Amino acid sequence: NPDTCDPTGPHASQLNARFFSGFLELSDPRLISLTLHNFSFYMVDMLAPHCYRLLSLNVQVTSDLSERFFHMLSIGLPQLQSLIIKHSPDFVTINPERWEALQHIQFPHDSLIRLRTLDIPTIFLLPTLPIQSVRTLKIGGCKCDECRDPNLMFTLDTLLSFLRQCPQLT
């Protein structure tokens with residue numbers, strides 16, 4: 001039957017996007033908490049009109065979408081209190097140009113003004129991330145090639161600089 005949608009078929013991502021978009025529209029104006037196992041290219045477009053409603057976000061990001069994800073954060077999520085960022089299972093090496101771009105994303109100082117809890121892999125310890133309100137911080141990594149790459153590994157200076165941005169840590 002051509003009218004039947006197979007949730008695992010070639011149109012599954014379009015179907016899932018429609019359901020997700022419908023959920024966001026129907027849940028308006030409530031604050032929302034989301035867990036996104038596969039942050040997709042179109043997720044930013046769907047979330048942008050609802051960024052002001054995100055209370056918590058648990059997301060897996062691939063390297064090819066990491067820059068797009070952090071640009072979404074720079075738009076501002078004024079209600080966001082908890083942010084958990086993980087590598088996606090298909091995380092591949094960030095090319096040098098993308099790595100450099102990530103390091104220089106500019107965040108308005110109040111873009112994450114209510115963020116209290118942050119769980120972030122070492123690969124995403126961005127010096128410009130506005131984390132002054134964070135009270136609980138978990139910095140982790142995994143055993144992927146990305147986290148073990150000596151050219152991208154964080155240094156003690158990187159870690160100390162990142163921690164200095166969190167004067168309210170408990």
Side-chain angles (χ1 to χ4, degrees), residues 20 31-48 50-170:
F20 183 61
L31 294 176
I32 52 178
S33 296
L34 293 176
T35 297
L36 304 172
H37 295 289
N38 293 308
F39 184 79
S40 72
F41 183 83
Y42 301 104
M43 206 63 70
V44 172
D45 297 331
M46 286 188 280
L47 284 174
H50 305 279
C51 281
Y52 71 96
R53 300 190 303 122
L54 285 174
L55 186 62
S56 71
L57 182 59
N58 181 338
V59 63
Q60 289 184 351
V61 181
T62 59
S63 64
D64 60 332
L65 294 175
S66 56
E67 187 178 355
R68 190 157 166 83
F69 171 74
F70 281 101
H71 274 293
M72 182 188 80
L73 291 184
S74 75
I75 292 169
L77 287 87
Q79 300 295 331
L80 191 69
Q81 294 179 15
S82 175
L83 176 60
I84 299 171
I85 306 169
K86 300 291 182 198
H87 290 167
S88 185
D90 56 348
F91 201 82
V92 294
T93 304
I94 295 177
N95 67 42
E97 295 82 25
R98 182 165 284 133
W99 173 251
E100 188 64 27
L102 268 177
Q103 298 301 305
H104 292 95
I105 293 175
Q106 294 301 308
F107 295 86
H109 78 283
D110 61 351
S111 58
L112 299 172
I113 195 72
R114 287 191 174 88
L115 186 64
R116 300 294 183 258
T117 302
L118 176 63
D119 183 340
I120 190 168
T122 55
I123 198 70
F124 293 139
L125 292 181
L126 304 181
T128 57
L129 197 61
I131 54 173
Q132 65 274 10
S133 62
V134 168
R135 294 188 178 148
T136 304
L137 175 64
K138 180 180 177 188
I139 299 173
C142 63
K143 298 185 189 303
C144 74
D145 291 340
E146 194 84 44
C147 287
R148 297 183 316 185
D149 184 338
N151 297 319
L152 300 178
M153 289 181 74
F154 71 98
T155 63
L156 184 56
D157 287 340
T158 306
L159 180 60
L160 291 174
S161 175
F162 197 78
L163 290 174
R164 281 188 206 106
Q165 295 179 71
C166 309
Q168 297 189 31
L169 280 178
T170 57

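These numbers were taken from a predicted model, which means no experiment stands behind them.
In this structure, the separation between CD on E67 and CE on M72 is 14.0 Å, given to the nearest 0.5 Å. Between the NE2 atom of H104 and the CZ atom of F70 there is a distance of 15.0 Å, given to the nearest 0.5 Å. Here the straight-line distance linking atom CZ of R135 with atom OG1 of T117 works out to 9.5 Å at 0.5 Å rounding. Going from atom OG1 of T122 over to atom CD1 of I139 covers 8.5 Å, rounded to the nearest 0.5 Å. In this structure, CD1 in I32 is found 7.0 Å from CG in L47, a value given to the nearest 0.5 Å.
Looking at residues two or more places apart in sequence or on another chain, you find a side chain to side chain contact (heavy atoms under 4.5 Å, CB included) between S161 and R164. For S74, the side-chain hydrogen bond (donor to acceptor under 3.5 Å, both in side chains) criterion is met by no residue, not counting sequence neighbours. Listed by chain and number, the residues in a salt bridge (Lys or Arg N to Asp or Glu O under 4.0 Å) with D110 amount to none (sequence neighbours excluded). A search for side chain to side chain contact (heavy atoms under 4.5 Å, CB included) contacts involving V59 returns L36, F39, L57, V61, F69, I85, not counting sequence neighbours.
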Can you give the donor-acceptor pairs under 3.5 Å from side chains of residues 125-132 to other protein atoms, not counting sequence neighbours?
| unit_1 | atom_1 | unit_2 | atom_2 | d |
| --- | --- | --- | --- | --- |
| T128 | OG1 | I105 | O | 2.5 |
| Q132 | NE2 | H109 | O | 2.7 |

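In plain terms, the two heavy atoms of L31 and Q79 that are nearest each other are CD2-CG, 3.8 Å. Taking all atoms of both residues into account, the shortest heavy-atom contact from I84 to K86 is CG2-CE, 3.7 Å.
A heavy-atom distance below 4.5 Å is found between the side chains of L137 and L163. Put simply, the side chain of Y52 does not reach to within 4.5 Å of the side chain of I75, judged on heavy atoms.
For R114 (side chain) and Q81 (main-chain N/O), no donor-acceptor pair under 3.5 Å exists by modelled atom type. A donor-acceptor pair is defined here as one N or O able to donate and one able to accept, closer than 3.5 Å; such a pair exists between the side chain of S133 and the backbone of L115.
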* Asked: Could you walk me through whether E100 and E97 pass the side chain to side chain contact (heavy atoms under 4.5 Å, CB included) check?
  -> CA-CA 5 Å; E100 188 64 27; E97 295 82 25; 5.8 Å; no
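With C51 as the partner, the side chain to side chain contact (heavy atoms under 4.5 Å, CB included) test is satisfied by one option alone out of L73, L80, L77: L77.
Side-chain contact of S56 with S33: a donor-acceptor pair under 3.5 Å is present, judged by distance alone.
For the salt bridge (charged side-chain N to carboxylate O under 4.0 Å, His left out) condition, the pairs that include at least one residue of residues 68-85, sequence neighbours left out, are D45-R68.
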